[in-house]
Amino acid sequence: MKAIYLEPTVGQYLLAHSTLPDELLDELAMETRELAGEQAIMQITPAQGGFLTMIAQIREARNAVEVGTFTGYSSICLARGLAPGGRLTCFDVSEEWTTVARRYWDEAGLADRIELRLGPAAIRLRELPADPPVDLAFIDADKPNYPVYYEILMSLLAPGGVILVDNTLGGGRVAQPKDRDEGVEALRDFNDMVASDPRTTSIMLPMADGLTMIRKN
Ligand SMILES: C[S@@+](CC[C@H](N)C(=O)[O-])C[C@H]1O[C@@H](n2cnc3c(N)ncnc32)[C@H](O)[C@@H]1O
């Protein structure tokens, strides 16, 4: 989703003063628009992509997890930031979209670092071993299951490990108490739960549609 809290000119200025996505990511974004039409909005923004790579680099991530892969943009950004020998495990229900992701992992030379597990993530995440612990996770799938993904990942996360969660502002609707839409309420409950979790420190960033960054103490 686009940056909804910034003037477009300011958004363009920020991007022009950040490391830009390479041709492969631009090509993937273009192909996703052609294949997925309006659904292409599910893809993270270039600024978020750069941020994911940087967090993975700073964290020196060796065991990363992604919930919600779609055509692969965010997974490529995460995998590029992994420490040498690091691995990314991706979860998604869609064979159709992840076939595109697999092709781009090959093109990016990342296929040996990424494993895809197809199926409902609420079930498949539970198959992950506790050892080695997860040091970085990105949640960007079906919103009603965010609390489930969060709890499973918290149980697998190393101390100092980081979880990033996308779309936590729900188009800004979470901040409008009169909006009682079921999906908005669920997101609001999730945000309240994260903010009051004594096991973590967290910050909500106004990046794209809201990106929450959570660190396990
Ligand atoms: C917002 S898109 C992910 C976008 C991706 N991070 C990117 O940057 O391109 C959400 C993805 O979650 C997947 N998804 C939806 N429900 C799911 C579930 N129950 N378990 C696993 N994946 C699911 C969808 O198939 C879709 O590919």
Side-chain angles (χ1 to χ4, degrees), residues 1-4 15 21-22 24-56 61 64-82 88-108 110 114-128 134 136-153 156 162-171 182-183 186-187 190 205 207-213:
M1 181 171 290
K2 289 198 171 54
I4 51 178
L15 201 55
D22 66 358
L24 181 115
L25 286 174
D26 285 344
E27 195 187 308
L28 171 55
M30 205 183 309
E31 184 171 345
T32 302
R33 279 195 296 274
E34 282 164 13
L35 292 173
E38 283 183 0
Q39 287 189 74
I41 202 150
M42 293 203 291
Q43 191 166 68
I44 60 162
T45 64
Q48 285 182 295
F51 188 70
L52 290 183
T53 302
M54 192 177 283
I55 295 295
V65 171
E66 173 177 87
V67 186
T69 295
F70 191 41
T71 56
Y73 197 106
S74 52
S75 58
I76 289 173
C77 297
L78 285 167
R80 282 180 169 170
L82 293 172
L88 170 67
T89 310
C90 291
F91 294 84
D92 203 290
V93 279
S94 170
E95 180 132 35
E96 184 190 357
W97 296 132
T98 54
T99 297
V100 180
R102 283 186 197 273
R103 180 155 46 80
Y104 276 87
W105 295 340
D106 278 334
E107 270 192 51
L110 295 167
I114 307 177
E115 182 191 340
L116 175 65
R117 300 203 184 177
L118 278 176
I123 294 169
R124 300 235 52 195
L125 271 174
R126 293 177 208 275
E127 295 166 8
L128 285 174
V134 171
L136 178 62
F138 178 49
I139 302 176
D140 186 20
D142 50 321
K143 315 307 166 207
N145 271 323
Y146 271 18
V148 178
Y149 303 148
Y150 178 76
E151 280 307 330
I152 297 172
L153 288 165
L156 299 171
V162 170
I163 302 177
L164 293 156
V165 189
D166 199 20
N167 302 112
T168 47
L169 283 171
E182 204 180 326
L187 210 43
F190 174 74
L205 302 168
M207 187 179 261
D209 185 30
L211 185 70
T212 300
M213 189 166 170

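Each ligand, and each atom within it, is numbered from 1 in the order the structure gives.
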Residue portion contacting ligand 1 (non-hydrogen atoms closer than 4.0 Å) for Thr69: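 Contact part for Thr69 vs ligand 1: backbone (N, CA, C, O).
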Show me which atoms of ligand 1 lie under 4.0 Å from any heavy atom of [X].
X      : result
Ile44  : 7 (C), 8 (O)
Gly119 : 20 (N), 21 (C)
Ser94  : 25 (O)
Tyr149 : 18 (C), 19 (N), 20 (N)
Asp142 : 16 (N), 17 (C), 18 (C), 19 (N)
Pro120 : 20 (N)

Nearest non-hydrogen partners of Ile55 and Val162, listed with the distance: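 So the two residues come closest at CG2-CG1, 4.5 Å.
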Closest contact, heavy atoms only, Ser75 versus Thr69: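 Result for this residue pair: OG-CG2, 4.1 Å.
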Glu66 vs Ser74, side chain to side chain donor-acceptor pair (under 3.5 Å): CA-CA, chis, key distance, verdict: CA-CA 8 Å; Glu66 173 177 87; Ser74 52; 2.6 Å; yes
Taking atom 3 (C) of ligand 1 as the reference point, the nearest protein heavy atom with its distance: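 Answer, as residue, atom name and distance: Asp140 O, 3.3 Å.
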Whether Gly49 lies under 4.0 Å from ligand 1, heavy atom: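 No, Gly49 has no heavy atoms under 4.0 Å from ligand 1.
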Taking distance alone, with N or O pairs closer than 3.5 Å, would you say [X] contacts ligand 1?
X      : value
Trp97  : no
Met42  : no
Asp92  : yes
Ala121 : yes
Ser74  : yes

Reference residue Asp140; test side-chain contact (heavy atoms from CB on, under 4.5 Å); the match among Leu52, Leu164, Asp166: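 Of all the options given, the one that passes is Asp166.
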Between [Y] and [X], is there a side-chain heavy-atom distance shorter than 4.5 Å?
X      : Y      : result
Asp142 : Val93  : no
Phe138 : Leu211 : yes
Phe190 : Thr212 : no

Residue pairs passing the salt bridge (Lys or Arg N to Asp or Glu O under 4.0 Å) test where at least one lies in residues 89-100, sequence neighbours excluded: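 Applying salt bridge (Lys or Arg N to Asp or Glu O under 4.0 Å) to every pair that reaches into residues 89-100, excluding sequence neighbours, yields nothing.
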Nearest candidate to atom 23 (C) of ligand 1, where distance is taken over non-hydrogen atoms, out of Leu125, Val93, Ile76: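 The nearest heavy atom belongs to Val93.
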Residue pair Thr32, Tyr73: steps toward the side chain to side chain contact (heavy atoms under 4.5 Å, CB included) verdict: CA-CA 9 Å; Thr32 302; Tyr73 197 106; over 6 Å; no
More than 12 heavy atoms from other groups under 6.0 Å of CD on Glu38: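 Open: at most 12 neighbouring heavy atoms sit under 6.0 Å from CD of Glu38.
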